[in-house]
2 protein chains.
Amino acid sequence: MPRISGEGVSGNQGVVLTLRTLEALAHSKGQMGVTELAAKLGTTKTRIHRQLRTLLEHGYVAQSEETGRYRVGSRLISLGRHVTEASNLAGLAQPHLSKLREALGQSCVVSQFEHSGARIVMALSGRSPIEIGVKPGSLLPFHNSAQGRVMLAHADPEFRKTVLARPMNATTPETIVTREALLVELEKVRARGWATAANQSAMGLNALAAPFFDASGGVVGAVGIVDLVQYLPPQPLPEQLEAIVQAAAGISTSLGHIAGQ
Amino acid sequence: MPRISGEGVSGNQGVVLTLRTLEALAHSKGQMGVTELAAKLGTTKTRIHRQLRTLLEHGYVAQSEETGRYRVGSRLISLGRHVTEASNLAGLAQPHLSKLREALGQSCVVSQFEHSGARIVMALSGRSPIEIGVKPGSLLPFHNSAQGRVMLAHADPEFRKTVLARPMNATTPETIVTREALLVELEKVRARGWATAANQSAMGLNALAAPFFDASGGVVGAVGIVDLVQYLPPQPLPEQLEAIVQAAAGISTSLGHIAGQ
DNA sequence: TCTTGTGTTTCGGTAGACGTAACGCTATAT
DNA sequence: ATATAGCGTTACGTCTACCGAAACACAAGA
């Protein structure tokens, strides 16, 4: 007999499987097989297969012609574009960034997590007559920038592993370029929730960054300040730390993240 | 008796309604009611309501506490982020942009459609010693930029209407600032598939842009070139037109768009 | 106060989704 | 070569979980 509604369980239950399937496909960078999905989602192959058939027919997923595995489809991408546009990271982060600039007077930056690094989304230049900052649209490497490090530290462990396997170039004599050293640094960063990068991308330059997260707990991007080491020491001032952490927390909240993991 | 599979109809059918519901919510900027959704999707209130209940329980949609209407939820936003990241407009467009720069030697730009204007995603500067271009991350207005105009011309008619109702500032004496004149220009742009903007954002400057689309046929962004009017006349050269249109078509194809609307 | 609109709930019947099990097929290992 | 193991896919009968029509509770106007 059907459980009508009562409490807790209600509505369609096939739907949640579908959405979890799409989530799994979206989170996995490449393609996924039926069996793999069934195992990951704890259900039978048949169910997954039927769902995928339907999704395939409507263009939400696509199937590799040769391997038979499935990947995100064009219609889902289109949906994703509309959704992210509605959420609008730049607009959401702007008040927090302005407040940060107001409080510290230094160059402030918001960047977004991408698989190839930290993409600068927005920047406000500091009050100092000397222009220190990064250009919007540019991509910061994971290994030698505060923004990149703090994202990598909070990213999916498996993804972190693949990044650490990539070769790292030294932009200064002090740049961390060995897998082991960076691993140690990242562990420290993850534990305290913020990262610095003194003399890492250029001598005399430092940055301080903290991550923000969305509702699912995944890291979306980072907010940070950039300045000369003289004004932003390797061990940042308490007010700088507090301001950054607060700004990051504010953006997280705006993104629907519930504090406390 | 169940129609097993046969041809045409197969798989779950509740799923497609759910996804169409999410699409409807994503496309409408604000919130939507149960009745409204039911009418739009051609089904009963009951069905929609149950779907929404399930989606609500899992965080894919959110419900306004006071009006009872529904909007996109945090978890869907998170999904959208992952999906769009996987599609990666910047990476996709890069080869086409490089080819364009190669062919014309002028400053080339890719921008993405946003509700407040054309957001510059990527730019390559030209071969000329004089630096002409736009900075990545900046936002071009709809009314006085070629990129903005070509997007607006191909955007949803209703959205175009709301944009045209907004006040427009004149950045040069020649800038089109009246609703009627812009409407005429947009109609021309839509018909021929490309836009220019000579002396519109600054005197002596011109731009040429063509739009690209995703699989659903919606405009995603535009690719364009920027140069002095001297080198990019109000009526662009045939080779410039051809190169731009080809680049745009190439990006469309990469995005899964099937040529011919 | 009556009407007309919301979003929400109930309820029985049925058709559509479910699991089990078998099918081709391709690679890998024997 | 041959056997094995894994993949994505299909078949089919059971049964459950979704569906539609109609009623409900509440809000806003007339």
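The basis for the numbers below is simple: all heavy atoms, side chains too, and nothing from hydrogens, waters or symmetry mates. Lettering follows sequence order; numbering is per chain, from 1.
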**Student:** Grab the CD-P distance between A:Gln51 and C:dA17 for me, whole Å please.
**Tutor:** 9 Å
**Student:** Taking side chain to side chain contact (heavy atoms under 4.5 Å, CB included) as the criterion, tell me which of B:His143, B:Arg149, B:Met168 meets it with B:Ile176.
**Tutor:** B:Arg149
**Student:** Regarding B:Thr18 and B:Gln51, is there a side-chain donor-to-acceptor distance under 3.5 Å anywhere?
**Tutor:** yes
**Student:** Can you pull out how bent the helix from C:dT1-D:dA30 to C:dT30-D:dA1 is, comparing the axes over its first five and last five pairs, to 10°?
**Tutor:** 30°
**Student:** Can you identify which nucleotide, out of D:dC18, C:dT6, D:dA21, has its nearest atom closest to the B:Arg50 side chain?
**Tutor:** D:dC18
**Student:** Rounded to the nearest angstrom, tell me the gap between atom OH in B:Tyr70 and atom C1' in C:dG7.
**Tutor:** 7 Å
**Student:** Are OP1 or OP2 of D:dG8 and a side-chain N or O of A:His49 less than 4.0 angstrom apart?
**Tutor:** no
**Student:** What are the two closest non-hydrogen atoms of B:Ala118 and B:Ser111, and how far apart are they?
**Tutor:** CB-OG, 3.9 Å
**Student:** For D:dC18, does either OP1 or OP2 sit under 4.0 Å from a side-chain N or O belonging to B:Arg47?
**Tutor:** no
**Student:** Please report whether the ring centroid of B:Phe212 lies less than 6.0 Å from that of B:Phe113.
**Tutor:** no
**Student:** Can you tell me the distance, in whole Å, between the CD atom of B:Gln63 and the P atom of C:dT8?
**Tutor:** 5 Å
**Student:** May I ask you to evaluate whether A:Arg53 reaches the phosphate of D:dT9, defined as a side-chain N or O under 4.0 Å from OP1 or OP2?
**Tutor:** no
**Student:** List in chain and number order the residues that pass side chain to side chain donor-acceptor pair (under 3.5 Å) with B:Gln246, two or more places apart in sequence or in another chain; answer none if no residue qualifies.
**Tutor:** none
**Student:** Taking donor-acceptor contacts at under 3.5 Å, does the side chain of B:Thr44 reach the base of D:dA21?
**Tutor:** no
**Student:** Atom CG of A:Leu37 to atom C1' of D:dT9: distance rounded to whole Å?
**Tutor:** 15 Å
